[in-house]
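Below: the structure, in structure tokens.
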Amino acid sequence: MWDAFGEETVQCMARGSRYLAAFWSEAWRVGGGDGAIGDGARRDPDDLMKLYNDPGFAPSIPLNKY
């Protein structure tokens with residue numbers, strides 16, 4: 001992309017990062033994140049590895065396929 005768009009590549013990525021941070025920040029605020037999140041339960045690391053190594057869990061989907 002750098003060869004095709006040069007400096008505009010960095011500007012686009014930086015802008016996207018700022019927008020994503022703003023979306024998450026607002027979702028946290030609207031959802032009352034500070035009051036809704038507690039200590040939570042401890043998870044077994046092996047169970048998490050099974051979940052995250054499952055290619056069917058949260059697959060990457062192109063935006064035009066939603």
Side-chain angles (χ1 to χ4, degrees):
M1 286 188 61
W2 185 262
D3 290 338
F5 301 106
E7 186 68 25
E8 291 176 359
T9 303
V10 175
Q11 293 171 1
C12 181
M13 292 173 69
R15 190 177 310 115
S17 296
R18 286 193 306 268
Y19 290 157
L20 185 58
F23 291 148
W24 277 110
S25 179
E26 186 63 5
W28 184 267
R29 185 189 70 75
V30 169
D34 288 332
I37 302 297
D39 289 337
R42 178 156 169 73
R43 303 290 183 224
D44 183 303
D46 290 332
D47 290 340
L48 292 175
M49 289 302 292
K50 289 175 193 169
L51 178 66
Y52 291 122
N53 286 323
D54 176 2
F57 175 76
S60 178
I61 301 171
L63 292 176
N64 65 345
K65 300 294 182 186
Y66 274 98

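Between Asn53 and Pro55, the shortest heavy-atom contact is O-CD, 3.2 Å. Minimum heavy-atom separation, Gly31 to Ala36: O-CB, 4.3 Å.
Residue Glu8 places its CD atom among 12 or fewer non-hydrogen atoms of other residues, nucleotides or ligands, all under 6.0 Å distant.
Remark: Asp44 CG to Leu51 CG distance equals 12.0 Å, nearest 0.5 Å. Note that NZ of Lys50 is 10.5 Å distant from CG of Leu48, once rounded to the nearest 0.5 Å.
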